[in-house]
Amino acid sequence: MTEPSASLPEHLFRHVAGRLVATLTRVVGPARLDLAEEVVQEALVKAVEAWPYQGVPENPAGWLYAVARHRALDRLRREAVLRRKVAALGPLVAEHAPGRPGEHDDQLAMIFLCCHPALSQAGRMALTLKAVGGFGVDEIAAALLTRPAAIAQQLVRAKRRIRARALRFELPAAADLSERLESVLEVLYLLFTEGYQAHQGERLTRAALCEEAVRLGRLLLESPATRRPAVHALLALMLLQSSRLPARTDAAGDVLRLDEQDRSRWSRGAIQEGFEHLERAATGDRVTAYHVEAAIAACHAATVDGGATDWTRVLALYDELLVIKPSPVVALNRALALAMVEGPRAGIRTLGPLTRHRALRGYHLLPAALGALWQRAGDEARAARCYRTAERQAASEPTRRFLAAQAARLRPASRSGRPRGAAGRARPRGPVSRPPAS
Amino acid sequence: MGKFLILSRGNALTPGMSPAEMQRIIQKYRDWTEGVARAGRLLGGEKLRADEGRVVRGRQGRPVITDGPYTESKEIVGGFWLIEAASYDEVLGMMKDHPGLEGPGALEVRQIDELGRRD
C-alpha cells in the first residue's frame with residue numbers, strides 16, 4: 001500500500017541510537033553510559049509522541065540528534081559535575097545530523113569499551129547489542145535465548161565494572177590494539193554464531209544478530225587502525241556463512257541440511273563479498289581461526305553453482321583448525337568432514353571418544369551427527385536412537401522438528417508421501433546444519 | 001465534504017520500548033497518515049504538550065486559573081488529526097486500520113460544525 005519512499009530507513013532508530021549513545025558517552029564519560037542511554041531513549045520517545053501527528057520530519061536522524069542534544073544539555077546543566085562538559089556538546093550541534101567528523105571514532109571507541117576484556121563474555125555481548133546495536137533488553141534476551149531479567153543484570157554488572165575499573169572511552173593504544181581487537185572479534189563471532197543457529201520463534205531477531213555482527217565487522221574495516229587481516233577473515237567467514245541464511249529453512253521454518261538447500265537461494269552478493277574479504281585477509285603473516293573457518297565456509301560457498309564440495313580440502317582445513325583452536329566442537333565438525341572423505345564408519349570411530357567429552361554433554365549436534373552417520377552406514381536402529389537423543393537435547397523447536405523428521409524417516413510408517421524420505425538411502429549426505437565452525 | 005477531528009486519548013507509550021519497537025509504531029502511523037494524505041483527505045495534525053496545560057474558569061466574572069490538563073491521565077489527549085470526509089461512515093472506514101486502535105487508549109471523532117459557512 002505504502003510507497004517505499006514513505007518508509008523510514010531500515011533500522012534507523014537502532015542505528016541512530018547506537019551512534020548517539022557513542023557520541024554522548026564521549027561527552028559525559030563511560031562512567032555515565034546510563035545517562036547517555038537515557039537521553040537517547042528520551043529523544044526516541046519524543047519522536048514517537050510527535051511524529052504520528054506532525055508527520056516524519058524531512059531529516060529524521062537530524063531531528064533525533066537535535067532533540068537528544070537538547071535533552072543532554074538539560075541534564076548536564078542540572079548536574080554540577082557535568083556542567084563543564086556542556087561545551088563539548090558543541091560538535092553534536094554543528095551539523096545537527098549524523099555523519100559528523102569524529103562520529104565514526106566514537107563508535108569504534110564504544111565497541112572497544114563494550115568488548116573490553118575486563119567485562120564478562122556475556123556482559124560484552126549484551127552491552128554491545130544494547131549500546132552499539134541499539135537493541136532492547138527483551139530483544140537481546142530473545143536473541144540470546146535467555147530471560148530479559150538475566151540480560152538486565154548482565155548490563156548492570158558490565159556498567160558497574162566499567163565504573164569500577166575506570167575503563168576509558170578511546171581507541172586502544174597501538175601496543176594494546178591487537179589484544180583488544182581480538183576481544184572485539186570474539187564478541188562479533190559469538191554474536192554471529194548465536195544468530196546463525198536456526199531457532200524458531202525469534203527467527204527475525206536472530207537474523208538481526210548476524211546482520212549486526214556483519215555491520216560491526218564492516219565498521220571496523222572503515223578505520224585504518226582496525227583494518228587488519230583477521231577482521232577481513234572474520235567478515236569473510238560471516239558473509240560466506242550468512243549467504244546461506246535465506247536457504248537454511250523451508251517454508252514451514254524447518255531446518256534444511258546443506259545438501260537439501262536450494263542453492264539458488266544462497267545470496268550471491270554475500271558470497272562474492274565474502275570471497276573478496278577472504279582475499280584481503282590473506283595479506284597478513286598470521287593465520288587465525290577466522291582465516292581457516294572462512295576458508296572452510298568458502299569450500300561450501302564455492303558449490304553455489306551446483307559443484308561438489310571438496311571434502312578432502314575441508315578435512316585438511318579442519319586438521320589445521322584443530323591445531324589453532326582445539327575445541328571439541330571443531331573436532332566434531334572435523335569428524336563429519338572425515339566421514340565425507342573416508343566413509344561414515346571412520347566418522348563414527350572419531351566421534352566415539354567425543355561422546356564422553358564434558359563440554360559436549362547435552363550438545364544435540366553430536367548425537368544428531370552420529371545419527372546421520374549411522375544412517376549412512378545402514379544401521380537404522382542406532383540412527384533412530386541417536387536422533388531421538390538429539391531431539392531431547394535440542395534447544396529450539398525447528399531443530400527438534402528436523403531431528404524428529406530424521407528419526408521418523410527411519411520408521412516404515414513414515415514412508416508414505418515423503419518425497420526425500422526413503423529410509424537408509426545410500427547416497428552421501430552432507431553434515432547436519434551446524435554453527436559456523438563448519 | 002465535511003471536516004472531522006480525530007482525537008487520540010490515552011495512547012501514551014509504555015515505558016522501556018526498544019528503538020526498533022518505536023520505529024515500528026512510527027512506521028504504522030506514517031503508513032496511515034500517508035494513506036489519508038494520498039487520498040487528499042489529510043488537513044493536518046498536531047501533538048499536544050503532555051506535561052502542561054491550563055484550565056481557566058470564570059468565577060464571578062474573574063478568571064480562575066488552575067494547572068491542567070484537566071482530565072485523568074488515561075484520558076489525556078495526546079494529539080489530533082484534522083481530516084476531510086463525506087460522512088462519519090467514511091471516517092470510520094478510514095480509521096479501520098488506524099494504529100491508535102492498537103494502544104490502550106481510544107480515538108474520538110467529532111465533526112466540525114460548519115453551520116452557516118456552507119451552502
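Here the structure is a predicted model, which means the values were calculated and not measured. Letters A, B, ... are given to chains in the order of the sequence lines, protein chains preceding strands, and every chain is numbered from 1.
Contact annotation for His15(A): neither backbone nor side-chain heavy atoms come within less than 4.5 Å of a heavy atom of chain B. When heavy atoms are compared at a cutoff of 4.5 Å, Pro148(A) does not approach chain B at all. Looking at Ala50(A), the atoms closer than 4.5 Å to chain B (heavy atoms on both sides) sit in the backbone and in the side chain alike.
For residues 35-55 of chain B, there are no ring pair (Phe, Tyr, Trp, His ring centres under 6.0 Å) pairs, not counting sequence neighbours.
To the nearest 0.5 Å, atom CG of residue Leu44(A) and atom CD1 of residue Ile25(B) are 11.5 Å apart.
Highest contact tally toward chain A, considering only Ala37(B), Gly44(B), Gly79(B), is held by Gly79(B) [criterion: heavy-atom pairs under 4.5 Å]. Ranked by heavy-atom pairs under 4.5 Å with chain B, the list Val40(A), Val137(A), Val45(A) is led by Val45(A).
Crowding of His98(B) atom NE2: a count of heavy atoms from other residues, nucleotides or ligands under 6.0 Å exceeding 12. Within 6.0 Å of atom CZ in Arg62(B), 12 or fewer heavy atoms from other residues, nucleotides or ligands are found, so the atom counts as exposed in its surroundings.
With sequence neighbours left out, the side chain to side chain contact (heavy atoms under 4.5 Å, CB included) criterion links Gln153(A) to Arg157(A). Remark: Asp34(A) engages Lys159(A) in a salt bridge (Lys or Arg N to Asp or Glu O under 4.0 Å) (not counting sequence neighbours).
Listed by sequence position, Gly16(B), Met17(B), Ser18(B), Pro19(B), Ala20(B), Glu21(B), Met22(B), Gln23(B) are the residues of residues 16-23 of chain B in contact with chain A, using a 4.5 angstrom heavy-atom cutoff.
Under the 4.5 Å side-chain criterion, counting only non-hydrogen atoms from C-beta, Tyr53(A) is in contact with Trp81(B).
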